[in-house]
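Model, not experiment: these values are computed from the prediction.
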Amino acid sequence: MPELPEVETVKRGLAPVMEGARISHVELRRKNLRFPFPENFDETLKGQKITSLGRRAKYLLVDLENDVTVIMHLGMSGSFRIEVDDNSQIPGVFHHDRSKISAHDHVIIHLDHPKGRARIIYNDPRRFGFMDLTARSQLEEHSFFKNLGVEPVGNALSSQLLAQLFTNKAAPIKAALLDQRLIAGLGNIYVCEALHQAGISPIRKAGSLVGKAGQPLKQLMPLADIIRDVIRKAIEAGGSSLRDHRQADGNLGYFQHQFKVYDREDEACSKPGCGGTISRIVQSGRSSFYCPKCQK
DNA sequence: AAGGGAGCCTGGCGGC
DNA sequence: TGCCGCCAGGCTCCCT
């Protein structure tokens, strides 16, 4: 499920149960996801109090009181669900029907929260997700993080920065925006949506939006604000729920209803007065949806 | 050296 | 109904 807004939504859903809770034990139902779990994964978590949850790009971060951070990535199909005991009174967490543990439930984190017991279950059919451990102080040096670009929400992302990142880039802007070393957290959906709003074709070479003096060309100017806006609105909507994929609290995100181009091949472009038709093309192995009439 | 493609996995869907 | 091929929100490695 996870681009940045979905991971942020997961974090917010898990926080009321996990923050301040103690991990009584961890069940690993297999020895690897995309990568093997670290040797000492379950022992390191066992007995630890969770001090806070965080997020960097599409990574979920779980801080423990022993200054270890658990790094979690949901890949393409990872999700969490929360199950609480009947008598639990954990604020902001509602009781959901206890479901059976299924074949793709790979990790179960058992929690003692001051207001009741709970368990956090990680499910991932395709197993592109992964988990790792790091000392909190070493996080930025970790191989997952050391080459990550700026967060797309927040002031670091500006048209000036985009111009700088795109200078002399021959790659299509679609690929540049998906490159986590430039901007960290964007994925296929939100890149398609942002480019449509900005009226920029995904095929356009990134470097062609930058002037000779390295300044953002007029067409590039609004893109930074548009990206920020798309991501913020998606977070507000609780992310996007494709194929009924649920958030950790059991709710569905609803941003998918606001898609203007993603998965809308052959539909009319929604831009007022455009009259174009949404196309699907493949760029570096991934679908790009765009309107050839108003995206240049 | 940057950019494109294959590979990692499983499940769901549409077409025949 | 059944089978087959295609597609999927990510990321890394390898080849050119």
Side-chain angles (χ1 to χ4, degrees), chain A residues 1-11 29-36 55-60 71-80 102-106 122-132 142-149 152 165-195 202-208 227 230-231 234-235 237-248 252-266 280-289:
Chain A
M1 44 153 32
E3 294 185 39
L4 187 157
E6 289 73 35
V7 178
E8 180 64 26
T9 301
V10 166
K11 187 197 104 176
R29 303 188 67 248
R30 52 179 303 130
K31 61 184 190 321
N32 67 305
L33 294 171
R34 173 163 187 172
F35 311 117
R55 179 194 59 73
R56 171 79 170 101
K58 301 173 193 173
Y59 293 86
L60 181 67
I71 303 168
M72 300 177 168
H73 195 292
L74 303 166
M76 292 280 265
S77 59
S79 65
F80 287 94
S102 76
H104 297 307
D105 291 335
H106 304 307
Y122 179 71
N123 181 284
D124 189 353
R126 293 176 72 181
R127 301 200 305 277
F128 288 170
F130 48 90
M131 298 187 185
D132 200 5
H142 192 287
S143 59
F144 296 152
F145 296 93
K146 65 180 179 203
N147 294 318
L148 281 185
L165 296 173
F166 292 169
T167 297
N168 294 329
K169 264 218 171 291
I173 187 166
K174 170 81 186 305
L177 291 175
L178 284 174
D179 186 341
Q180 304 294 298
R181 296 168 301 181
L182 306 184
I183 304 171
L186 298 182
N188 205 29
I189 292 178
Y190 298 109
V191 167
C192 289
E193 294 299 315
L195 286 175
I203 303 166
R204 183 89 180 255
K205 291 193 188 316
S208 75
I227 289 170
V230 167
I231 297 296
I235 292 171
S240 301
S241 298
L242 272 58
R243 295 170 282 281
D244 273 1
H245 203 112
R246 280 170 193 278
Q247 306 299 346
L252 292 168
Y254 50 90
F255 191 78
Q256 66 280 10
H257 303 300
Q258 298 180 48
F259 292 168
K260 299 288 196 291
V261 287
Y262 185 81
D263 207 20
R264 291 192 180 279
E265 186 181 17
D266 294 335
R280 173 182 172 275
I281 59 170
V282 175
Q283 293 180 282
S284 37
R286 325 228 14 217
S287 288
S288 292
F289 297 91

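- We find that CG of A:N147 is positioned 13 Å from P of C:dC11, with the value rounded to whole Å.
- Only A:Q180, listed by number, bring a heavy atom of residues 170-183 of chain A to less than 4.0 angstrom from any atom of DNA chain C.
- A 3.5 Å limit on both hydrogen-bonding distances identifies C:dC15 as the Watson-Crick or G-U partner of B:dG3.
- In this structure, A:H245 places its NE2 atom 17 Å from P of C:dA8, rounding to the nearest Å.
- At distances below 3.5 Å, at least one donor-acceptor pair connects side-chain atoms of A:Q256 with backbone N or O atoms of A:S241.
- In this entry B:dC9 has no Watson-Crick or G-U wobble partner, no candidate having both defining distances under 3.5 Å.
- Where A:R286 and A:R280 meet DNA chain C, the nucleotide closest to each residue was compared, and A:R280 sits on the side nearer the 5' end.
- Between the CZ atom of A:F144 and the P atom of C:dG10 there is a distance of 16 Å, given to the nearest Å.
- The shortest side-chain heavy-atom distance between A:I173 and A:V191 does not fall under the 4.5 Å cut-off.
- Atom CD1 of A:I231 and atom C1' of C:dG9 are 12 Å apart (whole Å).
- Between A:S77 and C:dG9 there is no side-chain polar atom (N or O) within less than 4.0 angstrom of OP1 or OP2.
- Residues A:L4 and A:R55 have side chains in contact (heavy-atom distance under 4.5 Å, counting atoms from C-beta outward).
- Atom CZ of A:R29 has more than 12 neighbouring heavy atoms from other residues, nucleotides or ligands inside a 6.0 Å radius.
- C:dG9 atom P lies 5 Å from atom CG of A:N188, rounded to whole Å.
- Here the separation of C:dT12 from B:dG11, taken at their C1' atoms, is 23 Å to the nearest Å.
- Residue A:S288 forms a side-chain contact (heavy atoms from CB on, under 4.5 Å) with just one option from A:L178, A:L195, A:V261, A:I281, and that option is A:I281.
- Regarding A:Q283, its CD atom lies at a distance of 13 Å from the P atom of B:dG3, rounded to whole Å.
- Considering only heavy atoms from C-beta on, A:K58 comes within 4.5 Å of A:Q180 through its side chain.
- In this structure, A:Y190 and A:I227 have side chains that are not in contact, with every pair of non-hydrogen atoms separated by 4.5 Å or more.
- Following rounding to the nearest Å, A:H142 (NE2) and C:dT12 (P) show an atom-to-atom distance of 11 Å.
- For an aromatic pair to be called close, the ring centres must be under 6.0 Å apart, and A:Y262 with A:F255 fails this.
- Phosphate proximity of B:dG3 to A:K169: present, with a side-chain N or O under 4.0 Å from OP1 or OP2.
- A 4.5 Å side-chain heavy-atom check between A:L60 and A:F80 finds at least one atom pair inside the cut-off.
- Using a 4.0 Å heavy-atom criterion, one finds that A:Y190 contacts no nucleic acid atom at all.
- Regarding A:F130, its CZ atom lies at a distance of 7 Å from the P atom of C:dC11, rounded to whole Å.
- A:F289 is not listed as a side-chain neighbour of A:R264, based on a closest heavy-atom distance of 4.5 Å or more.
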Where along nucleotides 8-16 of chain B does protein come under 4.0 Å, by heavy atom, of base (B) or sugar-phosphate alone (S), with - for untouched nucleotides?
BBBS-----
